[in-house]
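Read through the structure below, which is laid out as structure tokens, and then see the notes.
Lettering of chains follows the sequences in order, A, B, ..., and the numbering in each one begins at 1. A quick note: this is a predicted structure, and the numbers were derived from the prediction, not measured. Note: hydrogens, waters and symmetry copies are ignored here, and every other heavy atom, side chains too, is used.
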Amino acid sequence: MEFQFANLSEFLTMGGHGIFVWVSYLMTFLALVGMAIYPRIARRRLQSELLRQQKNAQRRRRAVSERTATKAPDLAKEPA
Amino acid sequence: MNWQWFHRLGSPRWFYQKTGAWLPWLALASVVLLSVGSVWGLGFVYEHGQQGNSYRIIYIHVPAALLALAGYYVMAISGAIGLIWRMKLSFAVMRAAASIGAVLSFICLVTGSLWGKPTWGTYWEWEARMTSMLILLFLYIGVIALSHAASREQSADKASALLALVGTVNIPIIYWSVNWWNSLHQRATLRVIEESRIDPVMFYPLLIMIIGFYCMYAWTLLTHTRTLLLKREMRTKWAQDELLGGR
Amino acid sequence: MSVTPKSQVVLQVTDLTCIRDGRRLFEGLRFSLHAGAAIQVKGSNGAGKTTLLRTLIGSSSEFSGDILWCGDPYPKGLPAMRDSLLYIGHRGGVRSGLTPLENLTWYGANQEAALSALESVDLTGFEDSLCHSLSAGQNRRVALARLFLPNSPRFWILDEPLTALDVAGVAALEEQMAAHLRNGGSILLTSHQPLSLPGLDALNLSDYTVFESFSDFGGEHVLS
Amino acid sequence: MSVTPKSQVVLQVTDLTCIRDGRRLFEGLRFSLHAGAAIQVKGSNGAGKTTLLRTLIGSSSEFSGDILWCGDPYPKGLPAMRDSLLYIGHRGGVRSGLTPLENLTWYGANQEAALSALESVDLTGFEDSLCHSLSAGQNRRVALARLFLPNSPRFWILDEPLTALDVAGVAALEEQMAAHLRNGGSILLTSHQPLSLPGLDALNLSDYTVFESFSDFGGEHVLS
Amino acid sequence: MSSVDVQKPVSGVRSALGFMALFRIEMLLALRKRADITNPLLFFVTVLALLPLGVGPEPELLAKMAPGMIWVMALLANMLSQESLFRGDFEDGTLEQLTLLPQPLYFAILAKSLVHWIATGLPLALLSPLLALMLNLPVDGYLCLLVSLLLGTASLSLIGAIGAALTVALRRPGLLLALIVMPLYVPVLIFGTGAVQAAIDGYAYSTQLAFLAALLATAAALAPLAAAGAIRISLDN
Amino acid sequence: MSSVDVQKPVSGVRSALGFMALFRIEMLLALRKRADITNPLLFFVTVLALLPLGVGPEPELLAKMAPGMIWVMALLANMLSQESLFRGDFEDGTLEQLTLLPQPLYFAILAKSLVHWIATGLPLALLSPLLALMLNLPVDGYLCLLVSLLLGTASLSLIGAIGAALTVALRRPGLLLALIVMPLYVPVLIFGTGAVQAAIDGYAYSTQLAFLAALLATAAALAPLAAAGAIRISLDN
Ligand code: HEM
Ligand SMILES: Nc1ncnc2c1ncn2[C@@H]1O[C@H](COP(=O)(O)OP(=O)(O)OP(=O)(O)O)[C@@H](O)[C@H]1O
Ligand SMILES: Nc1ncnc2c1ncn2[C@@H]1O[C@H](COP(=O)(O)OP(=O)(O)OP(=O)(O)O)[C@@H](O)[C@H]1O
Ligand SMILES: [Mg+2]
Ligand SMILES: [Mg+2]
């Protein structure tokens, strides 16, 4: 088993078929890499979405406690 | 018989924590096998008699074709399991399999048509295997589109699982009818993708690439499924810990 | 399945929890409905009344807890329950391309029965107009006319039956519901308007509401 | 068009007759609506309330009689009237693909105004959910939130605003309508439920109903 | 106001909802909205009439394309009219009521598909010789075209019901239905055009027609089942 | 609860509803339902893929049909996606609200048509060279196909809005829209395929493109007006 091409440029041209071979491999490589890193991106997006939701929930809870405080002051004053 | 393991298997949390350990090994295996196979195939294999160097495309074309087909069954079977046993986990597997399968059939189509130009002088030919691969891609896209269309996750899951199942019934019919269609039209000018004697020397790197693609498939299937699970379980404590703990 | 003794439990719900998109709407709901009795489900907008009804007729599968229809549990009791169920939802099931008469015939009524039911809901004169040229309340009346057919099923589930009805319509409906109860039927309904029905029990969903605090997100949902 | 004196007549209707498919619904209707006043249109199902409202906003052209908006007659007064009109029909005009917040922004509100209006209708926490995953009453609340925006138009026409609203929702709406009247706005609404609104006038369509005898079909309708 | 009488068994109320009753009411609706029948037909004719405008008027070219084009357009007309198969019933709540019946949904769907075929496939097949004439199809193909369209469009109506059921609850199904259903239509298309081509070329075409019939039998047995499952899924949203 | 403040002039509430605001919200909706964008595209591709299955795989035949077929299918994809242009807005009452605005409906319709084109015509035109490749179209035609589709589909989106407006209030528009719109599409189809054919045959095709551009300008000026009238008629049912 040995390297089939005399030099690099021959390896790149592959007797005229180089463009097809290299484009195929490159395309496949890109697709596979995309598939591999997609979960990472999605995960990052999930993280920021979760943080946003947590912030929203906090805001909501504050709003609810404020409302109960105004509507039922004696209840709100009670120590928890 | 103890069915405990089966139900535990259905638990997203158990699955998530169990599979975490396998990922690095699968990733390593696929990277090593794919690089060895590609280098071998690109540089160290004899030139093919008639097709010259374009023959080297086989090392990605054929594994992609095999997995695109096998992937459909992975998708349909996990969909069926989800429908029958109402397992959230297997729906997640189904969705992951759908997008990965679509990418693989796309790779098969593109490498195939890039191979077609030097060998037959045209990028596209309405030939039986190519046509049925194109329809397979449409089936995949249909499942994906349907799973994105419904407003609720649960109905989207079940609907796309059902579509995948219906598609399974249809795949043999499609494959067979397309073959039949092509033979009817007597395409004598081309004999495409005929069975050919593959030289063992050319076959070893192909074998390595096929195994590499299988590893890659398993790895991406796992990672995609795991992210989907995190997304769906975002309201549970373990998922939140998992998401925010890793930062 | 013929005469039901007064005391028979038509529907029994234990520890029911409903979920929509992962959000628990109510939790630990528990009640039972007897033959000859009626329950009004109450709760503010978005409390989950519609979700509850659709769960009870087996159209929504996202719940945990036990539902027994005449003693049979969830998936097994479905066919028998549907045999004796009359459900009218937010959408009435009135085909706008058919006339009121044809709509009732489609639900299995014969001509005379349908005509007399339409008369009961005060649609005389509109029997042969297409439903899409009827007003909102008239369409609702066509849907409700099913309640006025003879041999109507034993178990009624009605989601806001009073919407769009005028005062006379509400009165007629209340009278018919009372007659149904007297005959040993049972009714489960939601309504934001007060209803005058003898022996109407109330079930307030607010009592079962889950106030999701942040830590509450933690529990793992173990669901069917 | 800025401050309207209390006594100004916003809408004046004389001898109005409405027709649907050649059938006269009511005849000789006559009333006027002043700034700061409210009128509830009453009538049984199918009496023609919705038809009347849609005629008054210029969306239905099958009528005879005179309609004056702030003194301007039918086709001429339309643009000015629409400038100061807020109409909410049976269908609320809520886009189910948008969130409540985006829906209000679409109607021209800025962010804070929209948020506070949504709070007024008790939708806090649902600002960012898509409307098609809200319940019937919650969707209605999104539509009604337009009434709670600052700078809302002077003239409200509401077709059954209370449908699907729970008791708290009805109370909040009544309070807002009262405030609108106090500020010199005017309201024309239909509802089958009783409303507690100070100074609410009733207009009963039944008083103008045409009982079409058989010979009546003969007459040729000479209409605009 | 009549009083309620719950003593009698309940079935009386629903016994009429057998296959024939379902079929009759669907036919009534289809006849009343005559547009449902004429529209797919007119679509079929208009698109085929546009074709020469796009492709050019050469008779030989048109003749070569004719069987394929007629079949593809029949398929499109069929598919596009599927969209409304369950939609109206879904929106007014009738579909929900159907799922609550004690009877299986199978027959309701079979009835709907049958009416759909009578309203689209049948007239389209009957009209096809005329279009074949306009597109210069050799006369040998006429009979085969007619028969294959009759058999094939029935399968299409049944298969399409699955897609219609899957997409019925979507707010804007758009062209998703087309995407889902199209791959499932492929075998019918291939055997259908195969039969016509064989007939034109003077070969026997009974094999292809037998295949079409077999597809139809399978579809009649299985497609309504799948569609019933799909409807239950769609409604549980 | 905030109190009402009716002293200020009313316009404040609605000033935001200019063309850009309308356009932005429509884009938002289109992006959110990404299916609206991908579906017509996928439809276009699937139907073109079915074609060889019907007509047969011979490259020369396909090449001859290619320009016409691509154009006819682009036209179909455009037309079929028109159906939902106003439907959602009609059903939830938004359309009624739009007609009550003091501004003319013209801009609202223009915004909607523009978004429709961005969502269907644009991606479809960009993808057309790929399909041309699969259907064996001579390479000379690619650029002309792309440009003519860009211009043509924009006109189609505008013209189609008229049909969508006319049929929006019908309960089951079915294929009626197709019938109304199809004849109006004919000029675009003729100039579009004419241009591509000329390019393939090696002639100049600027005249045809100029005609397409002129059609587009006319459509942009007039079609929204007609559609606005049609909407008012449809709503007054
Ligand atoms: C079911 C999917 C497919 C499978 C299993 C498959 C498998 C194969 C195999 C085993 C070979 C090697 C044959 C040999 O050495 O002679 C091959 C060659 C080839 N394939 Fe595919 N293929 C598939 C789809 C496609 C598609 C979709 C295309 C084009 C878009 C394509 C284009 C080609 C070309 C151009 C060759 C080389 C030409 C030749 O050997 O005659 N294939 N394929
Ligand atoms: N689209 C239509 N085409 C023809 N006639 C119609 C149409 N809509 C309503 N009608 C008729 O017009 C009459 C009045 O309808 P309208 O909707 O105005 O009633 P309404 O008073 O609003 O009733 P409701 O209280 O039920 O809302 C009804 O009797 C109905 O038959
Ligand atoms: N299609 C849906 N997808 C997701 N969530 C939904 C959906 N429909 C309703 N919900 C959510 O479920 C909750 C309960 O809705 P439901 O329709 O059961 O309320 P309801 O009690 O019937 O209210 P209403 O009095 O307004 O009819 C609501 O808060 C709503 O946000
Ligand atoms: Mg409800
Ligand atoms: Mg009304």
Open item on the list: Check whether E/Q97 reaches the backbone of C/Y87 with its side chain - one donor and one acceptor, N or O, closer than 3.5 Å.
Closed with: yes

Open item on the list: Using every non-hydrogen atom in the two residues, find where C/S61 and E/D236 come nearest and quote the distance to one decimal.
Closed with: OG-OD2, 3.0 Å

Task: Stepwise side chain to side chain contact (heavy atoms under 4.5 Å, CB included) check, E/I25 with C/L98 - done: CA-CA 9 Å; E/I25 214 90; C/L98 297 179; 4.0 Å; yes

Task: C/V94 side chain reached by E/T94 side chain, heavy atoms, under 4.5 Å - done: no

Open item on the list: Can you tell me which portion of C/L130 sits under 4.5 Å from chain E's heavy atoms? Options are side chain, backbone, both or neither.
Closed with: side chain

Task: Flag side-chain contact, heavy atom, 4.5 Å: C/S60 against E/L235 - done: no

Task: salt bridge (Lys or Arg N to Asp or Glu O under 4.0 Å) contacts in which one or both residues fall within residues 90-118 of chain C, not counting sequence neighbours - done: C/R95-E/E26, C/R95-E/D89, C/E102-E/R32

Please output the side-chain donor-acceptor pairs of residues 176-191 of chain E that fall under 3.5 Å, not counting sequence neighbours, one pair per line with the distance.
unit_1 : atom_1 : unit_2 : atom_2 : d
E/Y185 : OH     : E/N78  : OD1    : 3.1
E/Y185 : OH     : E/L156 : O      : 3.3

- [ ] Below 4.5 Å from any heavy atom of chain C, which atoms of E/L95 appear? Answer side chain, backbone, both or neither.
- [x] neither

Open item on the list: To the closest 0.5 Å, what do you measure between CD1 (C/I57) and CG (E/L100)?
Closed with: 4.5 Å

Task: Residue E/F107 excluded, over 12 heavy atoms near CZ under 6.0 Å - done: no

